[in-house]
Amino acid sequence: MENHYNFKSIEPKWQNYWAQNQYFKVSEDPNKPKYYDLEMFPYPSGNLHMGHVRNYAIGDVVARFKTMNGFNVLHPMGWDAFGLPAENAAIKHGHHPAKWTYANIENMKVQLNSLGISYDWDRELASCKPDYYKFTQWMFLKLYEHDLAYKKSAAVNWCPSCQTVLANEQVVDGACERCDTVVTKRNLTQWFFKITDYAQRLLDDLEILPGWPDKVKTMQRNWIGRSEGCQFDLPIENSSEIMTVFTTRPDTVFGITYMVLSPEHPLVTKISQGTPQEEQVKEFVQRMQFVSDVDRTSTEAEKEGVFTGAYAINPMNGERIPIWIANYVLIDYGTGAIMAVPAHDQRDFEFARKYNLPVRVVIKAADSPSDGESMSEAYVEDGCMVNSGIFDGLSVEEGKKQVIAYMQKEGVGQGTVNFRLRDWLISRQRYWGCPIPMVYCEKCGLIPVPEADLPVILPEDVEFRPSGESPLNYVESFYKTECPACGGPARRETDTMDTFVCSSWYFDRFCDPHNSSAPFSKEAVDYWMPVDQYIGGVEHAILHLMYSRFFTKFLHDINVLSCDEPFTNLLTQGMVLKDGSKMSKSKGNVVSPEDIINTYGADTARLFILFASPPERDLEWSDQGVEGSSRFLNRVWRAVTSCADDIKGISLPAQFGELDPEARKLRYKTHATIKKVSEDIEQRFNFNTAISAIMELNNMLNAYLDQDEQDLSVLKEAIETMVVLLSPFSPHICEELWQICGHQQSIYHESWPRYDVEALIQDEIEIAIQISGKVRDRMVVPASVSEEDLKVLAVAQPKIQELLAGKEIVKAIVVPGKLVNIVAK
RNA sequence: GCGGUAGUGGCGGAAUUGGCAGACGCGCUAGAUUCAGGUUCUAGUAGUCGCAAGGCUGUGGAGGUUCAAGUCCUCUCUACCGCACCA
């Protein structure tokens with residue numbers, strides 16, 4: 001037998017075997033518990049990177065482990081295949097995005113298979129294929145039908161480089177998340193999904209997701225950004241207009257000393273008209289248009305503004321309040337207008353000091369300032385209302401309630417809830433995306449494409465322009481159409497959908513991927529959904545996961561899905577780093593999975609990436625570490641092959657009679673390892689410690705093999721257990737070793753071992769003896785010794801006697817199975 | 001600024017419920033095998049004092065609770081991530 005396992009021949013051999021025998025193909029089986037194990041489907045960029053390897057290695061361990069535990073495991077893979085890189089490649093190199101994309105898919109599929117991941121390839125899907133995007137369009141139509149898709153003109157984020165709009169979520173630090181170009185504003189008519197209708201539910205239901213990391217739930221909570229307060233109206237002096245503001249601090253309403261509109265607010269022109277300040281207002285508004293959002297909204301930006309010349313009337317006390325416009329008020333939050341209470345809001349305070357506006361204290365605690373003039377910062381803590389008429393003396397909390405009640409009674413305002421979440425802008429002015437199934441008819445207006453006419457096919461024969469403008473605008477055969485309602489001439493929508501739409505329901509499609517009449521059958525999704533374990537990078541914590549939850553809730557509401565949340569458990573894996581930073585071409589620190597697989601084999605690559613770090617933490621790539629994993633697999637290979645012939649004839653389970661101490665120890669270790677590995681995989685996802693436990697078993701096995709004689713039943717049990725436990729991590733070598741041990745059936749069809757409680761009973765245990773918390777000695781005692789006897793035995797140890805000489809024993813604490821602590825003085 | 005996560009040997013990490021800190025692996029040192037090198041095997045490997053037995057110190061820092069603290073509490077430093085003028 002060879003001294004090294006030959007991964008170059010063994011790995012492809014088993015990959016072919018699995019594929020030919022359709023090992024990973026599953027269908028609904030009502031007799032088995034189902035388990036839906038899903039890794040985030042990749043964008044087909046061309047090559048797998050180490051992050052993918054980590055993601056799919058984790059998912060594969062779970063899939064194989066669950067299968068061996070008797071679950072009917074759905075483990076599918078597909079491609080998030082629409083998107084900008086394909087189109088950019090087309091513009092740059094002249095290849096059609098489809099050709100580029102499909103070539104990449106082919107390549108990455110080969111790479112995935114060379115890793116030995118257990119996918120049911122019969123369920124493969126690609127979001128750019130008409131049989132898939134037909135139903136993405138169907139989703140759009142359903143949303144439209146339920147008034148959750150609408151068109152509106154709005155100032156939108158525009159990336160001048162990508163020549164397309166971006167969702168708020170895709171703008172990072174004021175720049176395009178994809179190309180880092182500074183994002184500008186444009187007024188465009190665009191399609192939106194009304195995700196805000198689901199804001200409260202998206203927030204509330206985070207509570208019913210105990211299987212999600214708190215970090216992700218917190219991020220979603222912050223993104224939804226619920227705040228409670230009230231909205232109320234202020235009449236504008238000498239005008240029929242009113243201004244409406246939102247505030248979370250109605251208790252400070254008597255402290256208003258000025259009002260602020262955002263520069264984009266529609267009232268600005270109206271109320272400043274004819275005032276002496278009209279010109280300066282115009283100038284300010286114009287100037288603000290050219291200040292980018294990054295600069296506008298940065299905390300460091302100096303607050304500035306101008307007086308409009310108009311006044312509002314405080315409905316609570318009739319006071320006349322100057323209306324300003326300022327950069328620090330945003331048009332798209334709340335009502336785009338605020339009441340300013342400089343005494344109790346730091347931003348208002350800074351602004352008031354700069355422009356010499358009055359500061360009036362209306363909340364007072366025992367040690368808080370009472371004089372606005374001398375304050376150096378806003379007082380935002382708790383206290384009681386003062387200078388507030390009939391509300392004086394109320395606490396902040398009580399004051400909020402009473403003021404809202406009063407406003408409601410007087411008809412000037414009411415309690416409201418505001419969210420920071422905005423509607424989801426889904427229009428993209430690009431070619432390589434899912435066409436929006438709408439037409440514009442001169443007579444009938446906006447008309448949805450009838451379901452029966454889906455899919456609206458993305459034309460293949462198009463010309464790409466360096467400008468980046470969507471080629472669809474120039475394809476007459478595409479945009480020229482008939483109105484589905486009146487049959488007259490009509491024009492198709494030429495914008496395509498944000499790719500996040502495609503990825504918001506793919507997990508449903510995997511349940512029934514070949515259905516041509518519906519996105520999926522109710523039976524299929526009722527069997528498989530929700531996803532039991534979802535695994536992917538934390539970078540999708542907000543966008544993809546929020547959109548998918550929204551889609552799931554909507555599909556639930558229209559009764560095509562039973563579940564209300566798509567992902568029961570979520571594992572967010574850390575990044576793979578090299579030399580302390582993220583792998584990237586520009587840094588030149590990229591490690592190619594292909595090279596690693598060629599040099600060390602897939603089993604080694606998988607093992608290392610799982611061993612080096614727990615999955616949620618970032619992982620530092622180490623070539624030397626990979627060597628170590630390779631060495632371990634070779635040690636396993638040698639241990640198993642060296643004794644395979646001796647144990648072949650032994651049948652298990654055996655009756656274990658009187659065993660010598662070494663055999664007993666090995667048997668104990670075998671079963672302790674089963675327990676440890678099972679719990680580490682199932683309860684903690686700590687694959688690193690599961691693997692180290694298998695290494696320990698292998699170490700003890702090797703020591704046992706060095707002995708002159710072995711108990712072959714114990715040996716066989718240890719050897720085969722080790723191979724089975726290792727098989728989800730490094731499946732190829734384990735298949736081969738399993739066969740070498742004389743088994744006809746694939747290890748994939750083995751049941752996961754159960755530990756024998758009897759084997760875990762030890763006759764003797766080592767007990768640490770502490771004196772006042774410091775370990776001073778150890779003793780080996782029979783496991784059955786009582787607590788009282790343990791104390792006596794501990795004190796009787798010669799070394800302990802020595803140390804206790806002249807001291808009085810105050811008490812002794814026994815931790816069963818672990819230690820005795822003698823407290824002496 | 002707010003929110004979160006983390007900080008343990010030369011390195012990756014372990015210690016799961018307050019109970020023996022450093023499992024497992026890498027690296028390193030010495031030796032054996034082979035000998036051109038790699039592979040493989042054995043022993044050692046937190047710091048420090050000591051010939052040794054053994055002692056002392058030690059989980060970012062400072063306090064505290066406890067028989068017992070990497071783990072709990074208070075304060076604090078650092079790194080990373082998310083949000084950021086959200087009224």
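Naming: A, B, ... by sequence-line order, numbering from 1 per chain. Predicted model, so just to flag it, every value in this text is computed and none were measured.
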> Between A:D706 and A:D214, which has a closest nucleotide on RNA chain B that is more 5'?
Replying inline: A:D214

> A:N222 has an atom CG; how far is it from atom P of B:G82, in whole Å?
Replying inline: 13 Å

> Taking all non-hydrogen atoms of both residues, which atom of A:L577 and which atom of A:M583 are closest, and how far apart?
Replying inline: O-CE, 4.3 Å

>> Please enumerate all residues that pass ring-ring contact (aromatic ring centres under 6.0 Å, His included) together with A:F632, with sequence neighbours excluded.
In response: none

>> Going by the rule salt bridge (charged side-chain N to carboxylate O under 4.0 Å, His left out), which residues pair with A:E228 if we only count those two or more places apart in sequence or in a different chain?
In response: A:R226

> Looking at residues at least two apart in the chain, or sitting in another chain, which of them share a salt bridge (charged side-chain N to carboxylate O under 4.0 Å, His left out) with A:R287?
Replying inline: A:E304

> Given A:R638 and A:Y5, is the side chain to side chain contact (heavy atoms under 4.5 Å, CB included) satisfied, shown in steps?
Replying inline: CA-CA 8 Å; A:R638 284 192 298 272; A:Y5 86 104; over 6 Å; no

>> Could you tell me the Watson-Crick or G-U partner of B:G63, where both distances fall under 3.5 Å? Say none if there is no partner.
In response: B:C73

Distances under 3.5 Å between nitrogen or oxygen atoms of protein and nucleotides 26-36 of chain B:
{"from": "B:C26", "atom 1": "OP1", "to": "A:R631", "atom 2": "NE", "distance (Å)": "3.2"}
{"from": "B:C26", "atom 1": "OP1", "to": "A:R631", "atom 2": "NH2", "distance (Å)": "2.9"}
{"from": "B:G27", "atom 1": "OP2", "to": "A:R631", "atom 2": "NH2", "distance (Å)": "2.9"}

> Applying a 3.5 Å limit to both distances, which nucleotide forms a Watson-Crick or G-U wobble pair with B:C80?
Replying inline: B:G4

> Residues from residues 243-260 of chain A sitting under 4.0 Å of RNA chain B, heavy atoms only?
Replying inline: A:F246, A:T247, A:T248

>> Between A:K791 and A:E788 (salt bridge meaning N to carboxylate O under 4.0 Å), is one present in this structure?
In response: yes

Which pairs of donor and acceptor atoms, one on a side chain in residues 684-696 of chain A, lie under 3.5 Å apart (sequence neighbours left out)?
{"from": "A:R684", "atom 1": "NE", "to": "A:D680", "atom 2": "OD1", "distance (Å)": "3.3"}
{"from": "A:R684", "atom 1": "NH2", "to": "A:D680", "atom 2": "OD1", "distance (Å)": "3.3"}
{"from": "A:R684", "atom 1": "NH2", "to": "A:T689", "atom 2": "OG1", "distance (Å)": "3.4"}
{"from": "A:T689", "atom 1": "OG1", "to": "A:D680", "atom 2": "OD2", "distance (Å)": "2.7"}
{"from": "A:T689", "atom 1": "OG1", "to": "A:N686", "atom 2": "O", "distance (Å)": "3.1"}
{"from": "A:S692", "atom 1": "OG", "to": "A:T689", "atom 2": "O", "distance (Å)": "3.0"}
{"from": "A:E696", "atom 1": "OE1", "to": "A:K669", "atom 2": "NZ", "distance (Å)": "2.9"}

> In whole angstroms, how far is the C1' atom of B:C81 from the CH2 atom of A:W223?
Replying inline: 15 Å

Residues 253-261 of chain A side chain polar contacts: donor-acceptor under 3.5 Å, at least two apart:
{"from": "A:T257", "atom 1": "OG1", "to": "A:P358", "atom 2": "O", "distance (Å)": "2.8"}
{"from": "A:Y258", "atom 1": "OH", "to": "A:Y328", "atom 2": "OH", "distance (Å)": "3.1"}
{"from": "A:Y258", "atom 1": "OH", "to": "A:D348", "atom 2": "O", "distance (Å)": "3.1"}

>> Going by salt bridge (charged side-chain N to carboxylate O under 4.0 Å, His left out), name the residues that satisfy it together with A:K675, two or more places apart in sequence or in a different chain.
In response: A:E679

Please tabulate, one pair per line, each protein N/O and nucleotide N/O from nucleotides 8-14 of chain B that are separated by under 3.5 Å, including the distance.
{"from": "B:G12", "atom 1": "O2'", "to": "A:A612", "atom 2": "O", "distance (Å)": "2.6"}
{"from": "B:G13", "atom 1": "O3'", "to": "A:N688", "atom 2": "ND2", "distance (Å)": "3.3"}
{"from": "B:A14", "atom 1": "OP1", "to": "A:N688", "atom 2": "ND2", "distance (Å)": "3.1"}
{"from": "B:A14", "atom 1": "OP2", "to": "A:R617", "atom 2": "NH2", "distance (Å)": "2.8"}

>> Please report the distance, rounded to the nearest Å, between NZ in A:K818 and P in B:U17.
In response: 11 Å

> Among pairs that include at least one residue of residues 332-346 of chain A, which meet side chain to side chain donor-acceptor pair (under 3.5 Å), considering only residues two or more places apart or in two chains?
Replying inline: A:S227-A:Y333, A:D332-A:R422, A:D345-A:R347, A:Q346-A:E350

> Listed by chain and number, what are the salt bridge (charged side-chain N to carboxylate O under 4.0 Å, His left out) partners of A:R54, not counting sequence neighbours?
Replying inline: none

>> With rounding to the closest Å, how many angstrom separate the C1' atoms on B:C56 and B:G60?
In response: 22 Å

> Aromatic ring centroids of A:W324 and A:Y355 under 6.0 Å?
Replying inline: yes

>> OP1 or OP2 of B:A87 versus the side-chain N and O atoms of A:R420: is any pair under 4.0 Å?
In response: no

Distances for protein N/O vs nucleotides 66-74 of chain B N/O pairs under 3.5 angstrom?
{"from": "B:C67", "atom 1": "O2'", "to": "A:N821", "atom 2": "ND2", "distance (Å)": "3.4"}
{"from": "B:C67", "atom 1": "O2", "to": "A:N821", "atom 2": "ND2", "distance (Å)": "2.5"}

